[in-house]
Amino acid sequence: MKHWRIEQMNWKDFDPRRVDPDIVPLVKAASVVERNGLDYARYLKNVFADDPDFRQAADNWAQEEVQHGDALGRWAMLADPTWNYMEAFARYRQSYRLELDVDASIRGSRTGELIARCMVETGTSSFYTALGDATDEPVLKAICRQIAGDEYRHFKLFYDHMNRYLHRERLGVWQRARIALGRVTESEDDELASAYHTTNDPAGLPYDHGRCIAAYMSRALRFYRPRHATRVMGMILKTIGWTPHGRLHALLARGLYRLLMMRQRKFARIMAAT
């Protein structure tokens with residue numbers, strides 16, 4: 001069951017004067033990535049073909065992801081009336097495709113797949129929390145809070161199923177850490193770069209991964225604060241089997257925040273040079 005519905009948002013409260021122009025491109029890109037959840041569900045259902053409980057959970061998860069995309073897309077069309085969400089999504093689908101015809105996880109095990117999904121939900125939960133904290137536009141703030149709550153519940157969903165499979169597949173802490181960190185580094189792959197290109201670049205401009213990922217990341221990372229990094233690190237530690245409290249957590253969270261800011265400055269320099 002969905003925890004909220006698009007029609008429950010107070011769309012009449014939209015205030016164009018409070019729209020940050022640097023946030024609009026991020027929302028456009030995020031809308032098409034979220035709406036692509038149906039493809040991810042198909043991939044997951046192939047990987048977990050003999051697990052009806054997880055397959056049903058994947059279907060429910062995908063419905064919420066699509067709603068996220070639709071809410072963000074509707075907001076983006078208010079912020080930029082010249083933009084068309086469904087046309088942008090069609091361009092994205094032509095540009096970026098998942099490998100769906102599989103019968104095993106690309107992570108090497110079902111536990112590994114669920115660890116990777118936990119990392120995705122960690123990233124999205126923190127991103128929408130940071131975006132919701134940063135924006136003054138009331139409708140977007142409300143949408144981000146709803147989505148961030150969904151994404152944290154999705155993290156719990158995949159985490160619980162991960163523990164179920166962990167009893168069978170016995171992945172050690174270091175194996176789990178390797179998979180988790182490997183998935184984190186994939187945040188700069190073609191998924192987000194292609195989403196930025198197809199939702200923001202003018203027609204006819206060639207796709208350039210380096211430029212597009214820099215344009216996205218230089219904006220997105222700017223909104224993170226130390227408290228967001230602390231939450232991210234806690235969720236990472238929990239996934240790999242370490243206690244997400246105490247000095248180690250605090251130390252790693254400070255290091256993560258510094259790394260995020262270094263990456264943001266690097267991408268900003270790339271954009272300044274283009």
Side-chain angles (χ1 to χ4, degrees), residues 1-5 30 32-70 89 92-126 128 147-187 189-192 194-195 232 234-242 244:
M1 296 291 293
K2 294 177 181 177
H3 290 82
W4 59 282
R5 295 186 179 278
V32 299
V33 173
E34 294 283 350
R35 198 174 209 283
N36 212 30
L38 292 175
D39 270 6
Y40 279 102
R42 179 178 165 187
Y43 163 80
L44 289 171
K45 288 165 68 176
N46 285 342
V47 171
F48 293 87
D50 59 350
D51 186 339
D53 288 343
F54 183 81
R55 286 169 58 87
Q56 182 61 58
D59 277 335
N60 295 338
W61 165 83
Q63 290 177 20
E64 292 193 338
E65 295 292 291
V66 171
Q67 176 170 262
H68 298 170
D70 290 348
F89 180 65
Y92 178 64
R93 292 272 294 167
Q94 293 174 352
S95 173
Y96 181 81
R97 292 279 185 174
L98 292 170
E99 181 59 49
L100 300 178
D101 295 325
V102 299
D103 56 11
S105 170
I106 61 173
R107 310 294 168 183
S109 67
R110 290 181 172 182
T111 302
E113 183 62 47
L114 292 164
I115 290 170
R117 295 313 311 171
C118 284
M119 291 302 95
V120 172
E121 304 303 333
T122 295
T124 53
S125 176
S126 65
Y128 290 112
I147 295 178
D150 281 351
E151 303 292 19
Y152 186 73
R153 283 187 289 271
H154 295 166
F155 168 84
K156 289 279 293 174
L157 167 73
F158 292 121
Y159 178 80
D160 289 344
H161 282 281
M162 180 201 75
N163 280 325
R164 182 162 63 92
Y165 276 96
L166 193 59
H167 289 301
R168 310 177 194 179
E169 298 177 339
R170 302 290 182 182
L171 267 68
V173 169
W174 293 110
Q175 289 175 290
R176 291 155 70 180
R178 178 181 57 80
I179 294 169
L181 295 177
R183 183 60 185 88
V184 168
T185 62
E186 292 174 16
S187 63
D189 67 7
D190 271 333
E191 182 179 37
L192 286 174
S194 181
V232 167
M235 294 168 77
I236 293 173
L237 291 176
K238 183 174 181 178
T239 301
I240 64 180
W242 289 344

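Index from 1, following the sequence. Please read all numbers here as calculations on a predicted model, not as lab measurements.
The CG atom of Leu157 sits 8.5 Å away from the SG atom of Cys118 when rounded to the nearest 0.5 Å. Rounded to the nearest 0.5 angstrom, Thr124 OG1 and Asp150 CG are separated by 10.0 Å. Between atom NE2 of residue His154 and atom OG1 of residue Thr122 there is a gap of 13.0 Å, rounded to the nearest 0.5 Å. Taken to the nearest 0.5 Å, the CD1 atom of Ile147 stands 11.0 Å off from the OG atom of Ser125. The distance from atom CD1 of Ile179 to atom OG1 of Thr239, rounded to the nearest 0.5 Å, is 11.5 Å. Residue Arg93 holds its CZ atom at 5.5 Å from CG of Asn36, rounded to the nearest 0.5 Å.
Residues passing the ring pair (Phe, Tyr, Trp, His ring centres under 6.0 Å) test with Phe54 are Phe48, His161, sequence neighbours excluded.
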Given Glu64 and Trp4, is the side-chain contact (heavy atoms from CB on, under 4.5 Å) satisfied, shown in steps? CA-CA 9 Å; Glu64 292 193 338; Trp4 59 282; over 6 Å; no

After noting the C-alpha distance and the side-chain angles of Leu44 and Glu113, does the key distance pass the side-chain contact (heavy atoms from CB on, under 4.5 Å) rule? CA-CA 9 Å; Leu44 289 171; Glu113 183 62 47; 3.8 Å; yes

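Arg110 contributes no side-chain N or O that, together with a main-chain N or O of Tyr165, makes up a donor-acceptor pair within less than 3.5 Å. A donor-acceptor pair is defined here as one N or O able to donate and one able to accept, closer than 3.5 Å; such a pair exists between the side chain of Arg55 and the backbone of Lys45. Between the Asp70 side chain and the Arg35 main chain, no donor and acceptor come within less than 3.5 Å of each other. Between the side chain of Arg170 and the backbone N or O of His167, at least one donor-acceptor pair lies under 3.5 Å. Side chain of Ser194 to backbone of Glu191: no donor-acceptor contact under 3.5 angstrom is found. Side-chain atoms of Thr185 come within 3.5 Å of backbone N or O of Gly182 as a donor-acceptor pair.
The two atoms that bring Met235 and Met119 nearest to each other are O-CE, 4.3 Å, heavy atoms only. Residue Val47 comes nearest to Val102 through the heavy atom pair CG2-CG2, 4.2 Å, listed as atom of the first residue, atom of the second, then distance. Scanning both residues, Ile106 and Tyr43, for their nearest heavy atoms gives N-OH, 3.3 Å. Residues Gly112 and Leu171 come closest through the heavy atom pair N-CD2, 4.3 Å. For the pair Ala195 and Val32, the tightest heavy-atom approach, listed with the atom from each and the gap, is CB-CG2, 3.8 Å. Between Arg107 and Ala116, the closest heavy-atom pair is NE-CB, 3.6 Å.
When only modelled atom types and interatomic distance are considered, Asp59 and Gln63 share no side-chain donor-acceptor pair under 3.5 Å. A side-chain N or O of Trp61 and one of Glu121 form a donor-acceptor pair less than 3.5 Å apart.
Cation-pi geometry between Arg117 and Tyr40 is met: the NZ or CZ atom falls under 6.0 Å from the ring centre, inside 45° of the normal.
Taking the charged nitrogens against the carboxylate oxygens, Arg42 and Asp39 have no contact shorter than 4.0 Å, which rules out a salt bridge.
Using a 4.5 Å heavy-atom cutoff, the side chains of Tyr128 and Glu34 are in contact.
Note on ring orientation: taking the six-membered ring where Trp is involved, the planes of Tyr152 and Phe155 are parallel (angle under 30°, cut-offs 30° and 60°).
Sorted by first then second residue, the salt bridge (charged side-chain N to carboxylate O under 4.0 Å, His left out) pairs that include residues 159-169, not counting sequence neighbours, are Asp51-Arg164.
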